[in-house]
Amino acid sequence: MSRNLFILLIISLCYHSKAVLGFLPSWMPGADLSSAPELTRYARGQSDVLLDVRLTIGLTADKLFVIDGFKFKLCNEPLEKEDYDISLPGTNGPRPHLSSGARSVHALKDGSFINMKGLQNVEFHDGVWEMIWRDNSPAGLIICGFSLDKDARRNDALLEKGQVYLTWPVWSKAGLEKHQALRAKAEVKYKEFEAERDGELEKMSNTPNILHKALHFRKASAATEKMDFSGLHNYVDVPSIDDVFEIGEGLQVVKTGTVWSRTGSFSGTFRASRQQLLGSAAINSS
């Protein structure tokens with residue numbers, strides 16, 4: 001199995017796993033971690049930031065429905081434990097020092113969808129949010145938690161009542177520019193080796209000489225190995241400029257995130273807490 005195929009397999013497993021949501025690997029037992037020095041400043045910069053969110057619930061094309069127009073503000077007032085009921089994976093998890101702490105969310109407009117009974121409102125309430133950012137990491141996460149008192153259903157697609165979480169990656173502007181430049185450099189190398197491979201494969205196809213075929217195949221294989229070591233796979237999570245928008249001071253949030261739920265406690269073991277991916281959360285930046 002080539003290195004590229006192996007990486008794609010790992011990414012696929014992580015994406016589809018109900019127990020893996022991006023931030024969990026940084027909490028593996030024994031990890032010696034500290035928070036980003038500017039975490040508090042980044043979180044304080046989210047003063048009344050308005051988010052207009054579309055939720056796509058479901059993971060397969062035959063069981064999808066969209067909850068549109070959910071609008072809320074991220075407020076920067078820190079909350080004490082007695083001020084909120086929804087647990088957050090950073091603040092209430094095993095690494096609270098990686099979190100900005102819980103802060104309030106001001107819901108402005110319910111989300112809605114249409115089913116056979118007409119327009120249905122989806123009331124998310126008691127919202128809280130936090131920012132998680134590990135030191136020396138190029139990106140952090142904004143995580144919002146809400147309570148949903150009743151199921152939202154459209155045909156066979158279902159968003160069950162309970163605690164619902166929305167997560168988006170967030171980058172510093174300088175960090176994103178740096179990694180976009182590194183990705184662009186790696187892409188140039190990758191395409192150069194890709195062209196070399198394709199050229200050798202074409203020569204192999206065109207020559208009737210069996211020895212020449214073997215020679216071109218060997219060169220094509222060498223070029224493929226160079227593609228594997230171009231480093232492009234290290235930047236698969238780096239968003240393009242069109243995939244982000246500015247949020248707060250010097251921060252860029254990725255427009256597309258995830259919707260998920262959990263059972264159990266964030267402060268317990270991996271087996272005691274189970275996260276389930278429910279769909280995607282897209283921020284309308286227009």
Side-chain angles (χ1 to χ4, degrees), residues 7 10-11 14-15 17 19-47 49 74-81 87-105 128-145 165-186 231-241 243-258 260 262 265-270 273 275:
I7 290 165
I10 294 300
I11 292 172
C14 290
Y15 179 80
S17 171
V20 179
L21 287 170
F23 52 86
L24 291 179
S26 67
W27 298 352
M28 292 298 289
D32 184 13
L33 304 172
S34 58
S35 62
E38 296 185 312
L39 174 60
T40 300
R41 180 173 68 83
Y42 287 155
R44 286 176 178 171
Q46 312 309 304
S47 178
V49 172
L74 302 180
C75 304
N76 62 11
E77 300 93 347
L79 298 174
E80 299 296 331
K81 286 186 177 181
S87 295
L88 291 168
T91 303
N92 306 108
R95 300 286 190 272
H97 60 284
L98 299 182
S99 171
S100 63
R103 296 165 190 263
S104 61
V105 168
V128 292
W129 75 279
E130 68 178 348
M131 186 180 295
I132 294 176
W133 207 310
R134 179 167 50 89
D135 193 16
N136 296 321
S137 175
L141 290 171
I142 288 178
I143 301 173
C144 302
Y165 296 87
L166 314 179
T167 298
W168 293 276
V170 60
W171 294 71
S172 69
K173 189 173 182 179
L176 181 56
E177 289 175 350
K178 175 184 176 181
H179 280 78
Q180 285 174 336
L182 291 171
R183 185 186 67 180
K185 185 177 180 180
L232 183 58
H233 62 274
N234 293 323
Y235 306 105
V236 293
D237 293 327
V238 178
S240 68
I241 192 65
D243 296 329
V244 299
F245 75 98
E246 191 162 334
I247 179 173
E249 181 184 353
L251 289 182
Q252 305 281 328
V253 65
V254 179
K255 296 177 184 177
T256 302
T258 56
W260 52 282
R262 63 98 188 175
S265 171
F266 286 121
S267 61
T269 64
F270 285 114
S273 178
Q275 286 74 42

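Excluded from the calculations below are hydrogen atoms, water molecules and symmetry mates; all remaining heavy atoms, backbone and side chain alike, are included. None of these values were measured; they are calculated from a predicted model.
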Open item on the list: To the nearest 0.5 Å, what is the distance between CD1 on I132 and OG on S137?
Closed with: 11.0 Å
Open item on the list: Restricting to non-hydrogen atoms, name the atom on Q252 and the atom on V244 that form the minimum distance, rounded to 0.1 Å.
Closed with: OE1-CG2, 3.4 Å
Task: Which atom of W168 lies closest to which atom of K255, heavy atoms considered - done: NE1-O, 3.6 Å
Open item on the list: If I compare all heavy atoms of Y165 with all of G145, which pair ends up nearest, and what's the gap?
Closed with: CD2-CA, 3.7 Å
TODO: Kindly indicate whether the side chain of S240, heavy atoms from C-beta on, has any atom under 4.5 Å from the side chain of R183.
DONE: yes
Open item on the list: With rounding to the nearest 0.5 angstrom, report the CH2 to CD1 distance, W129 to I143.
Closed with: 11.0 Å
Open item on the list: Any non-hydrogen side-chain atom of C144 less than 4.5 Å from a side-chain atom of L74?
Closed with: yes
Open item on the list: Using 0.5 Å steps for rounding, measure from the CG atom of L166 to the OG1 atom of T258.
Closed with: 8.0 Å
Task: Test side chain to side chain contact (heavy atoms under 4.5 Å, CB included) applied to W171 and V254, V253, L251, the passing residue - done: V254
Open item on the list: If the condition is side chain to side chain donor-acceptor pair (under 3.5 Å), which residues does E77 pass it with, not counting sequence neighbours?
Closed with: S104
Task: Any side-chain heavy-atom pair of I142 and T167 under 4.5 Å - done: no
TODO: Sort out for me which residue in L98, L39, L141 forms a side chain to side chain contact (heavy atoms under 4.5 Å, CB included) with W133.
DONE: L39
Task: Closest contact, heavy atoms only, G231 versus A186 - done: C-CB, 4.1 Å
Open item on the list: If you compare all heavy atoms of R103 against all heavy atoms of C75, which two are closest, and at what distance to 0.1 Å?
Closed with: CB-O, 3.5 Å
Task: Test side chain to side chain donor-acceptor pair (under 3.5 Å) applied to E130 - qualifying residues, sequence neighbours left out - done: T91, S99
